[in-house]
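Below is one structure, written out as structure tokens; the observations come after it.
Positions are given from 1 along the sequence.
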Amino acid sequence: SAGLGGGGGGVYGDPNAYTGLSGNGGSGTIILRYQIGSITATARASGGAISFYGGKTIHVFTNSGTFTAPGPFNETCECVLVAAGGGGGGQWAGGGGAGAYNAVNIPISSPQPVVIGSGGAGGHGGNSPTSQGYNGGDTTFAGVTIKGGGGGGGEAVAAKASSDPNGGSGGGGQRGGASGGSGSMGNPGGAYPSPTDGGSGGGGAGGAGTNSSGNAGAPGGIGAQAPTTFRNPINNVGSPGPSGSHWFAGGGGGGSYGSSSDGGKGGGPGGPYAGGGNGGGPPSNPGLQGAENTGGGGGGGQYNSPNTGGRGGSGIVLIAYPT
């Protein structure tokens with residue numbers, strides 16, 4: 001039969017066998033055998049979503065929980081902590097500041113709680129305290145707490161700061177209101193140089209928010225890219241950035257003023273990048289929300305209704321140790 005290499009034979013006793021009526025030989029075959037690499041590994045701790053990449057075990061916490069390390073576990077873990085972004089301001093407003101971003105090595109030998117900050121709500125309306133965005137929530141792991149980003153400023157209302165030593169980025173300012181200052185793990189929001197009407201950008205982990213310069217909203221500050229340890233191409237946490245993936249903590253874009261000007265891009269020109277929300281623009285776009293689990297700031301609201309700012313993106317915790 002085919003594939004078994006059997007030979008063809010004549011018919012015994014047939015006087016016509018010499019006429020070439022014997023059967024054809026079967027075709028050949030080749031069988032190969034080799035060992036494949038292991039596709040699974042065993043985690044030495046529990047908690048969060050677990051994956052394996054580059055010889056490391058990686059835990060990703062997108063919600064609060066517990067990193068549980070059994071008795072024999074004793075590692076200095078490579079960690080990334082991101083706090084939540086601030087909400088964008090209301091009417092033709094500044095973008096929200098990104099949450100604090102901290103890449104740090106932490107010794108761990110016992111169970112540790114993880115608290116993930118929630119994004120700050122956006123402001124609404126104009127020329128009143130309600131137009132100011134709210135600060136993002138704090139993120140905590142293994143005794144390290146980092147602060148959420150500052151809310152964006154609304155019409156004639158100052159942006160909020162994140163000025164704690166472990167603070168994130170400040171919100172962007174708008175028309176007569178000051179921009180928000182930052183802590184050591186972020187950058188300030190953009191300023192409002194008179195006489196412009198567009199909202200300025202919220203600060204990002206990698207750079208300050210852009211100052212407003214006309215009726216268009218200004219871009220938010222650039223974010224930060226996670227260390228190579230965490231850049232597993234099939235576990236694409238974070239958001240796209242100016243180069244590649246796995247970016248976090250981009251500032252929210254400022255909202256626009258007027259009917260022909262665009263909102264600012266979250267996370268820098270050409271965005272949205274690093275989870276920052278775009279600012280609102282015509283004809284009826286509110287400020288957009290910062291991406292969840294990136295710490296991105298929310299976009300500022302536009303002049304026209306709806307003139308609400310976007311909520312900031314929630315935080316995240318990444319933990320890695322040798323597999």
pair [X]-[Y]: side-chain heavy atoms closer than 4.5 Å:
X    : Y    : result
P113 : T140 : no
Q91  : Q174 : no
Y192 : D197 : yes
T294 : V82  : no
Q302 : P282 : yes
P306 : S284 : yes
I108 : Y321 : no
T139 : V317 : yes

Indicate if [X] and [Y] have the same hydrophobic cluster label, given that clusters are the connected sets of ILVMFWY residues with side-chain heavy-atom separations under 4.5 angstrom.
X    : Y    : answer
Y101 : I319 : no
V80  : W247 : no
F230 : Y53  : yes
I50  : I316 : no
F248 : I58  : yes

Is there a donor-acceptor pair under 3.5 Å between the side chain of [X] and the backbone N or O of [Y]?
X    : Y    : result
N307 : G90  : no
Q225 : S245 : yes
N278 : L288 : no
Q132 : A158 : yes

Measure the [atom1]-[atom2] distance between [X] and [Y] for me, rounded to the nearest 0.5 Å.
X    : Y    : atom1 : atom2 : result
E75  : R44  : CD    : CZ    : 4.5 Å
D262 : N285 : CG    : CG    : 9.5 Å
S51  : I234 : OG    : CD1   : 7.5 Å
C79  : F67  : SG    : CZ    : 8.0 Å

Applying side-chain contact (heavy atoms from CB on, under 4.5 Å), run through L318 and H59 and close with a yes or a no. CA-CA 6 Å; L318 314 177; H59 297 246; over 6 Å; no
Aromatic Y134 / basic K160 pairing, under 6.0 angstrom, 45° off normal: yes
Minimum heavy-atom distance [X]-[Y], with the two atoms named:
X    : Y    : value
A249 : G99  : CB-O, 3.7 Å
G258 : Y303 : N-CB, 4.0 Å
N135 : G150 : OD1-CA, 3.3 Å
G180 : A159 : N-CB, 3.6 Å
K147 : S162 : CB-OG, 4.0 Å
T229 : A320 : CG2-CB, 3.6 Å

Between [X] and [Y], a side-chain donor and acceptor under 3.5 Å:
X    : Y    : answer
S182 : S169 : no
S128 : T130 : yes
S212 : S200 : no
S110 : Q112 : yes

Is there a side-chain contact (heavy atoms from CB on, under 4.5 Å) between M185 and N166? Walk through the geometry before answering. CA-CA 6 Å; M185 298 176 187; N166 293 329; 3.4 Å; yes
When V104, I116, N102, V114 are each screened for side chain to side chain contact (heavy atoms under 4.5 Å, CB included) with F141, the one that passes is V114
Check the pair N293 / S314 against side-chain contact (heavy atoms from CB on, under 4.5 Å), numbers first and verdict last. CA-CA 5 Å; N293 301 122; S314 56; 3.4 Å; yes
